[in-house]
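Values reported hereafter were calculated over all heavy atoms of this structure, with side chains retained and with hydrogens, waters and symmetry mates removed. Both ligands and their constituent atoms are indexed starting at 1 by order of listing.
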Amino acid sequence: MSPEAGSSLQVDHLFSSSAARLDRWRELNSKAQTWAAGTRAGKGREGRSTVESALAEVRALESFFAYPGPRLMKAVADRISDEDAMGAARLIGRLSGALLSGSYRHDAGPWETADDAGGGLADRIPLAPGGGGEGRRPYFETLFVSPAPASSFVEVAQEIRRMRRPEDTMVYEPVLVGSFEDAILGTVLNGKIEAVVIYDGIPIPSQHDVPLLRAFLSSHQQLDASTAAPREVGITLARAIKRIRPELDIYLLTDRRVEQVAGDPAASMIRRVFYEVEELMEVHLSVLEGVGDRLSTPHFDNLKKYASRPIGTFHALPIARGKSISKSNWIHDMGEFYGQNLFLAESCATTGGLDSMLEPTGNIKVAQEKFARAVGADHVFFVTNGTSTSNKMVYQAVTAPGDIVIADRNCHKSHHYGMVLSGAQPVYVEAFPMTEYSMYGAVPLAAVKKALLDLQAEGRLDRVKMVTLTNCTFDGHVYNTRRVMEECLAIKPDLIFLWDEAWFGFARWSPFLRPRTAMGAAAAIEEWRATPEALKAYEAQAKELGEKLDPKDPRLMQRRLVPDPRKIRIRVYETNSVHKSMSALRQGSIVAVRDEDYSHHVSAFREAVFIHASTSPNAQIIASLDVARRQMELEGYELVMRSIETAIAIRRAVSEHPIISKYFAVLGADKMVPAAYRTSGFRDFLAPGTTWVDAIKAVNEDEFFLDPTRMTLVCGTAGFDGTSFKGLLASTYNIQLNKTSRNSVLLQTNINNTRSDVALLIKVLLEISQGIEARLAEGGDSERTAFAARVKNLMTDVPDLPNFSRFHDGYREDPKSITLEGDMRGAFFAAYNEDECEYIPLSSPQIDERLAKGPEMVSANFVIPYPPGFPIMVPGQVIAADTIGFMRKLDVKEIHGYNATRGLKLIKLSAIEKARQGASKSPAPARAQVQTAKAK
Ligand SMILES: Cc1ncc(COP(=O)(O)O)c(C=O)c1O
């Protein structure tokens, strides 16, 4: 995104700010060192002006950061104007180093102006006794938004610092800004800010030139302070800041009647309201307490305490305390490798301060509540067996045999298995195909609406319990979660949504992506529902389409449906592989619940936990969930912003490199999302002139948005299929990736990536590209022809992706119905009886004969090729010619559910017929029984 590297940095070019800030400091440092070297060599004034202009570039952003801060910045400027090249270079070098290493957060030295740091102002950042290490106090910054003149900021900051006490467990530096717009910029630009203190009566305009920010604010009625009464500016600011970073604590200082402000529902996002003349100490203590609450990790803290106690164990967990390991002649290396604490913290006891994950009442319960707050849910359940289990738990808890679930066929297998377990029947909806890359996109809303309307037309809407979609998809397609839910709720107001956000947990901490998360959209719908505009919009629609929608009315598919705000229930479940995008140990996952009717499922959820959770959950995984939440609430914003920046840097480096771009490309939004789903006109993050304001417009409007951190790197154009390219990167270059397609691999940045990783990747891609160039040059015509043929084979001769065909009539209650739900569970268990199954090798002509003339072939199990990783056959599905064609063309080695020596496993039609006859003789269907029981 703009600005291009090297161009002048405008403060409201938010997407590239943090990397750009450090780059500019490096630049300043290098200019200052050159000037100093020149001076030493007797070249006099030469170089000073370049240092001055580099300093001007840096200065634009610095007013939003506590470090280096006005005092050190002034010292730099003074040295330059005193022609002290050596002194300026030394100081700039130290400042730039401290910024890069972050040492200013725990050492006093970087705050000194003197070159021999170590005295004087050490009290500015008081360190814990001994400094550094375990005992050092966490450092953060607090934004003070004050109407006082800027000339008094230094004095105000000093006054705030005077509140520090030796017993404070954390230390913060104040950052002072003087307006609404500057406060927004500070919140966006400075990830170290953890709390905001707003004084009533602040002016609106920034001292900087911020056209993008103004365009954005004025297009969002709720955030537009220019239309707010002067008294409301503080509250409008609080609301805007919460939208950007909901984890921040906000305090308001006012000279109005504080009780009135505190009691105003519009001010509910403010943590505390203070009367302005009250002791500043109260504010100081509140700031520390608020951050302390996010910092505390009840389960992890307890586990650490537990590990430090002398405990004798007489239960079945020999690994606890680690003695059998450290004393062993043969396995002591395991103890040395993992360290003692891992074993000291192992326990299967729920006593002594530890809690039970299966029935939490103590610190795990509190840790889950904190996680719920962090992700904007009402409840969170910790899961120690991955989102594979989280998904199954949701199906188990909210669906019963015979319920219908509208599900993306391309979703993770845990959903399909979840339905096998619960007996829910899937109506599969198809994602748009990206045949060229042998992968799927995401499911168009039209497909989901059509499924619902068809079910309504067939009189079975009451049986539809849930809609399940994957957000974002493996390849980065992000749904317009709000729109999907609103339109579906317009058809069925009590529908449950399960959003599989296995990959997308981090998005909560990005203001760009949050509106498209399950919980972000649920909050937005809840907010919308309470506005007069909501009812107005619904009534306008009702006038046109009627109160009761006619499922056959073609207009329903052509327009955005508005749900009745008085009737809808917000029932949203999100599953989230915390371990995939945050600092949790493998398998750490959560189920987040924001369901107004959750009370209906409380006991079912307990059962689901009992059914699926191990009775020996791993305490370390639980602790890591607790810690991952702490990290994200305190630095998630900055980390996620950095990973987006890193991804954009990779995208840019690949596309701009003259050699790499000949063979490789990272697909932009325009290639990943067909134009029909990008109505905002957004093309790509790298398209010329694109800014974050365009990205936000796309986030608000488009049906699908591309998660910038998920990068499909096309390697077929370099002659590699996805699997061998992944293998090459892993074996030769130590670069690991996850997913592949026939002609691409998926690169992904996360909160762990740094700029060095970008450099490594680009270096490797260059080396590979140069290798290809050399081979083509040396090999002559024959090599070039072979290369072109290979590229064509990978990029053009791609198999069509097969759609779901249908369930066999034997597994359908009403084979004539236009909707395709079926009893997948019945088919799944039918396949347990080997005598009633048959096998036919994939290459056998018998398959072609049966496809042409029958009898139909019915799959006995799930068949899931990797890649692409979705089931091309599910139990009970009639096998169609396109599925066989696809399988025969697949060149992957890993196909789950398919035994190449025996062939496809099929259920014999005689067995289906026998089961059907048996079922017709049996009493009431299971679903009716379950529903009767639930109604009681
Ligand atoms: C969309 C989706 N959901 C769920 C899962 C399962 O998550 P976990 O690996 O945490 O069990 C995956 C795994 O890759 C996935 O891609």
Side-chain angles (χ1 to χ4, degrees), residues 357 371 375 380-396 405 407-421 426 428-431 439-443 466-479 481 484 497-507 513 516-518 573-592 608-609 611-614 617-618 620-622 624-625 628 704 707 709-710 712 722 726 736-741 745-748 750 862 864-871 894 896:
M357 197 190 76
F371 216 128
V375 297
V380 151
F381 292 91
F382 286 170
V383 179
T384 58
N385 325 57
T387 295
S388 305
T389 296
S390 301
N391 284 334
K392 286 179 226 155
M393 278 170 53
V394 176
Y395 283 91
Q396 189 83 51
V405 175
D408 173 6
R409 184 177 56 109
N410 190 23
C411 63
H412 187 255
K413 60 186 174 191
S414 50
H415 296 272
H416 307 279
Y417 284 113
M419 285 183 268
V420 165
L421 293 174
Y428 284 121
V429 278
E430 301 284 350
M439 58 167 87
Y440 275 103
V443 180
M466 188 158 86
V467 170
T468 292
L469 295 167
T470 308
N471 189 51
C472 64
T473 65
F474 218 141
D475 303 293
H477 300 92
V478 185
Y479 282 85
T481 41
V484 169
F497 296 90
L498 167 56
W499 292 101
D500 181 336
E501 297 195 345
W503 296 102
F504 207 42
F506 72 97
L513 301 175
R516 290 208 167 214
T517 62
Y573 291 74
E574 171 208 331
T575 50
N576 172 342
S577 291
V578 182
H579 70 94
K580 289 195 203 295
S581 71
M582 304 173 222
S583 300
L585 291 177
R586 203 92 175 117
Q587 297 192 7
S589 166
I590 57 164
V591 178
V609 172
I611 292 170
H612 293 284
S614 163
N618 186 313
Q620 321 319 320
I621 297 179
I622 305 170
S624 74
L625 286 168
F704 301 113
D707 170 3
T709 69
R710 302 186 78 82
T712 297
K726 175 179 168 176
Q736 291 187 2
L737 350 140
N738 196 332
K739 181 185 177 264
T740 61
S741 83
V745 295
L746 180 74
L747 306 173
Q748 189 187 335
N750 61 41
F862 290 101
I864 308 177
Y866 281 87
F870 66 89
E894 199 180 331
H896 295 182

Can you tell me which residue and heavy atom of the protein come closest to [atom], and the distance to 0.1 Å?
atom	result
atom 16 (O) of ligand 1	W503 NE1, 2.8 Å
atom 12 (C) of ligand 1	H412 CD2, 3.2 Å
atom 8 (P) of ligand 1	T387 N, 3.4 Å
atom 3 (N) of ligand 1	D500 OD2, 2.6 Å
atom 11 (O) of ligand 1	S388 OG, 2.6 Å
atom 9 (O) of ligand 1	K580 NZ, 3.0 Å

Item to check | Min N/O separation N385 to ligand 1 under 3.5 Å | outcome: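 In this structure, N385 places no N or O atom under 3.5 Å from an N or O of ligand 1.
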Next on the checklist: For a side chain to side chain donor-acceptor pair (under 3.5 Å) check, start with the C-alpha distance between H412 and D500, then their side-chain angles and the critical distance, and finish with the verdict.
Outcome noted: CA-CA 9 Å; H412 187 255; D500 181 336; 5.3 Å; no
Next on the checklist: Given R586, H415, H579, identify the one with the heavy atom nearest to atom 10 (O) of ligand 1.
Outcome noted: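 The option holding the nearest heavy atom is H579.
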Checklist entry - Could you give the distance from CD (Q587) to NE2 (H579), rounded to the nearest 0.5 Å? => result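 Answer for the CD-NE2 pair, Q587 versus H579, is 7.0 Å.
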Checklist entry - For ligand 1, is Q587 a contact, meaning one of its heavy atoms is under 4.0 Å away? => result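 Contact absent.
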Checklist entry - Of the backbone atoms (N, CA, C, O) and the side-chain heavy atoms from C-beta on, which set of S589 has a member under 4.0 Å from an atom of ligand 1: side chain, backbone, both, or neither? => result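 Answer for S589: neither.
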Next on the checklist: Below 4.0 Å, non-hydrogen atoms only: which portion of T470 touches ligand 1? Side chain, backbone, both or neither.
Outcome noted: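 T470 to ligand 1: side-chain contact only, backbone stays beyond 4.0 Å.
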Checklist entry - In terms of atom number and element, which parts of ligand 1 are under 4.0 angstrom from non-hydrogen atoms of S577? => result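 With S577 as reference, the close atoms of ligand 1 come out as 7 (O), 8 (P), 10 (O).
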Checklist entry - Using the benzene-type ring in the case of Trp, are the ring centres of F497 and Y573 under 6.0 Å apart? => result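 Centroid distance F497-Y573: not below 6.0 Å, so no.
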Checklist entry - For the residue pair F862 and H896, is the inter-centroid distance of their aromatic rings smaller than 6.0 Å? => result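 For F862 and H896, the ring centres are not under 6.0 Å apart.
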Checklist entry - Is the Y428 ring parallel, tilted or perpendicular to the H416 ring (thresholds 30°, 60°)? => result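 Ring orientation, 0 to 90° scale: tilted.
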Next on the checklist: Please check: side-chain N/O of T387 versus main-chain N/O of S577, any donor-acceptor pairing under 3.5 Å?
Outcome noted: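 Flag set: sc T387 to bb S577 pair under 3.5 Å.
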Item to check | From T481, T470, V467, residue fulfilling side chain to side chain contact (heavy atoms under 4.5 Å, CB included) relative to W499 | outcome: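 Going through T481, T470, V467 one by one, the side chain to side chain contact (heavy atoms under 4.5 Å, CB included) with W499 is satisfied by T481 alone.
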Item to check | Donor on one side chain, acceptor on other, N391 and T575, under 3.5 Å | outcome: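 Distance-only check passes for N391 and T575.
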